[in-house]
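Here's the structure, in structure tokens; my notes come after.
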Number of protein chains: 2
Amino acid sequence: MKDVAARAGVGLKTVSRVVNGEAGVTPDTEQRVREAILALGFRRNDSARILRKGRTSSIGLVLEDLADPFYAPLSRAVEEVARAHGTLLINGSSAEEPAREQELVLAFCARRVDGLVIIPASDDHRYLEPEIAAGIATVFVDRPAGRIDVDTVLSDSHGGARDGVAHLIAQGHRRIGFVGDHPQIHTAAERLRGYRTAMTEASLPVHGSWVSMGSTDPERVRTAIGAMLDGPEPVTALFAGNNRVTVTAVRMLRERARSAPVALVGFDDFELADLLSPGITVVAQDPAELGRTAAETLFRRLEGVHDAPKRVELPTRLIVRGSGEVPPA
Amino acid sequence: MKDVAARAGVGLKTVSRVVNGEAGVTPDTEQRVREAILALGFRRNDSARILRKGRTSSIGLVLEDLADPFYAPLSRAVEEVARAHGTLLINGSSAEEPAREQELVLAFCARRVDGLVIIPASDDHRYLEPEIAAGIATVFVDRPAGRIDVDTVLSDSHGGARDGVAHLIAQGHRRIGFVGDHPQIHTAAERLRGYRTAMTEASLPVHGSWVSMGSTDPERVRTAIGAMLDGPEPVTALFAGNNRVTVTAVRMLRERARSAPVALVGFDDFELADLLSPGITVVAQDPAELGRTAAETLFRRLEGVHDAPKRVELPTRLIVRGSGEVPPA
DNA sequence: CTGAAAGCGCTTACAG
DNA sequence: CTGAAAGCGCTTACAG
């Protein structure tokens, strides 16, 4: 910029004016500055601008896995909102590791992002308190924050799971298995709770062997489902706690196609669910809407809205496609 | 930092030393500084650090759509490599709009990212010349750059499509349709070329109505496929130019299940392709490997490797699952 | 309409 | 082992 000013024979401030399209420069001066910019290949250094202005016009998004088909649309929705606000998106995957979540969040804060959208992997976010106090707006999405009070956008995991399991009960099922993610994950715990609610509301007992929580690794899920199907009180229907479990369940039921058919309802919709035979009945969330709502909440804060932190819960939707309407054997 | 120094009764440089874990501070002094940092809730401002250091330790990734199942693993792979290099990832979706691609790239450059990984939407990248001259390392992936000479990582679209179409020919098909994306997109054009190569190698004519290029919007794809199946020279097999086309083709063939079965091979693998009936035979790329290779190439440049720009072409793999082995009616 | 000075919050290069 | 001065490249607040 100094070089441009020297070459154009003007002051620094005049170059700044031209670069930022501010008024108060004669066409003639502006022309000289523009020529110097072109000749020198000058591009404004936003790092310096940011340092001086205080706002970075960037936000950070921490999620579990960018490549997960559930989070990809969420992430894209956040990006679109950010773009509409002239803001850049920095993101990172926590890989479900609390230490990595914290590392990413603090790295973003050190870059002085204006705000954060977080899908947490940990359950204690007090480490964020100084950052929030320092003015970094923060919204949690998909899962709530632990031990701090911040804006949160969730899906109704409890209600969705209850609806899905009630649907199986309505088809006549009495012995229903639940396979979920690690119980520390809020959504997993809530869905299990929804399952129990539905069973209780129908006065059905829940056999201990019908519930399995843990890694969504296919091997573990297979073992769990195998035990439910071949155990002493074999289930006639399965409720899968998320998309990864559902896919493994579909594979497994396919392989056992010769045995008595087992009904299946999964939490989370996924592409091609309608093309399988039977189509997979699911409790669908709207990940893009989660992302959009979270990002809009964030920007409302950045625009200076200062009421108490809010918790938004988005409804789920049961999509009937066939797999959940298989009657009990 | 000034406040911390004042409170600890030391100089700025000493605070800097403690914050950065540099040697040469007595334990006693360090202790005082740490206490001041804690008391004041001080966090280093990386914007200032960046300005002074010259390197931002961030890279930019521009792709077409973060939410596309093909690009999500690519993006994740880039992130992992960046992470291994202590670098943050900024990303944005071009939505296949050249103006948006350029806007994102220039915004990243203004933030002085150390490097760029670009999946281009445009075919003229001369606008990048000043940035590259200014030292921003750049790698193109999935599609080549236009009118500039830079590192590029591609899949073998031509060879993959040729293999896929040759596979259909080997099953006895003579009338094969090709439905692809917009012909301006390099991969789309290359796959079409692969189709023609395979047909020519088998001395088969290509009827004009067997080729349709354009938007991957389901309505357009349906119309195109309908014309091929119901036209004067009806095809007995289809080659789909990418995952979006394949999915629409699957839906359509499913609906027409009562007519003579049509063979299908698609470019790009997708989740659950094996669970459909029949399973979908595909020419698979490895998007994560594309991303990893591109990012590693980028970091090699950032570490100072200065040979001529390289072009890497990764092989594709034909995965046989059933849909491509349907014989001609 | 234009520009000189100060400052954003750090690090660098140097001196003690 | 420690710190004062200069500077990274901009913008702000002000004066002319």
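No experiment lies behind these values; they were computed from the predicted model shown. Reminder, nothing fancy here: chain letters follow the sequence lines and each chain counts from 1.
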- Item | Nearest listed nucleotide, side chain of B:Leu51, among C:dC10, D:dC1, C:dG9 | C:dG9
- Task: Calculate the interatomic distance between B:Glu22 atom CD and C:dC10 atom C1'; express it in whole Å.
- Result: 12 Å
- Query: What integer distance in Å separates A:Arg32:CZ from C:dC1:C1'?
  - Reply: 12 Å
- Query: Taking NZ, NE, NH1 and NH2 as the nitrogens, is one of them in B:Glu30 or B:Arg34 under 4.0 Å from a carboxylate oxygen of the other?
  - Reply: yes
- Task: Would you check if A:Asp142 and A:His186 make a side-chain contact, meaning some heavy-atom pair closer than 4.5 Å?
- Result: no
- Could you work out which one of D:dT2, D:dC10, C:dG9 sits closest to the side chain of B:Val25? D:dT2
- Task: Looking at every strand, decide which applies to B:Asn20 at a 4.0 Å heavy-atom threshold: base, sugar-phosphate, or nothing.
- Result: sugar-phosphate
- Look at atom CG of B:Asp124 and say whether more than 12 heavy atoms of other residues, nucleotides or ligands are closer to it than 6.0 Å. yes
- In the strands shown, is D:dA4 matched to any nucleotide by a Watson-Crick or G-U wobble pair with both distances under 3.5 Å, and which? none
- Would you call A:Glu289-A:Arg292 a salt bridge at under 4.0 Å N-O? yes
- Task: Please check the phosphate of D:dC8 (OP1 and OP2 only) for any side-chain N or O of A:Ser47 closer than 4.0 Å.
- Result: no
- 5' priority, DNA chain D, between B:Gly11 and B:Arg112 [closest heavy atom]: B:Gly11
- Message: At less than 4.0 Å, is any side-chain N or O atom of B:Arg52 found next to OP1 or OP2 of C:dT12? Yes or no.
- Response: no
- Item | Distance below 4.0 Å between B:Ser16 side-chain N/O and C:dC10 OP1 or OP2 | no
- Query: With distance as the sole criterion, is a donor-acceptor pair present between the side chains of A:Gln102 and A:Ser122 under 3.5 Å?
  - Reply: no
- Message: Base, sugar-phosphate or nothing for B:Arg55? Non-hydrogen atoms, less than 4.0 Å.
- Response: nothing
- Note on the structure: From CD of B:Glu30 across to P of D:dC1 the rounded distance in Å is 11 Å
- Query: When the distance from CZ of A:Arg111 to C1' of C:dG9 is rounded to whole Å, what number comes out?
  - Reply: 15 Å
- Note on the structure: Using Watson-Crick geometry (N1-N3 plus N6-O4 or O6-N4) or G-U wobble (N1-O2, O6-N3), each under 3.5 Å, C:dA13 is paired with none
- Task: Describe the nucleic acid contact of A:Val10 in one word from base, sugar-phosphate, nothing, applying a heavy-atom distance below 4.0 Å.
- Result: sugar-phosphate
- Figure out the CD1/P separation between B:Ile37 and C:dC10, and round it to whole Å. 10 Å
- Classify the angle between the aromatic ring planes of B:His125 and B:Phe140 as parallel (below 30°), tilted (30 to 60°) or perpendicular (above 60°). perpendicular
- Respond yes when some side-chain nitrogen or oxygen of A:Thr29 is under 4.0 Å from OP1 or OP2 of C:dC1, and no when none is. no
- If every non-hydrogen atom of B:Val4 is compared with every non-hydrogen atom of B:Phe42, which pair is closest and at what distance? CG2-CB, 3.6 Å
- Over how many whole Å does the gap from B:Asp3 atom CG to C:dG9 atom P extend? 9 Å
Pick out the pairs of N or O atoms, protein on one side and nucleotides 13-15 of chain C on the other, that lie under 3.5 Å.
none

- Item | Closest to side chain of A:Thr14, choosing from C:dG3, D:dC10, D:dG3 | C:dG3
- Looking at C:dG9, C:dC10, D:dT11, which one has an atom nearest to any side-chain atom of A:Lys53? D:dT11
- Query: How long is the line joining CG of A:Asn45 and C1' of D:dG9, in whole Å?
  - Reply: 6 Å
- Item | For atom NZ of B:Lys2 and atom P of D:dA5, their distance in whole Å | 14 Å
- Message: Tell me the closest heavy-atom pair linking A:Thr56 and A:Val113, and the distance in Å.
- Response: OG1-CA, 3.5 Å
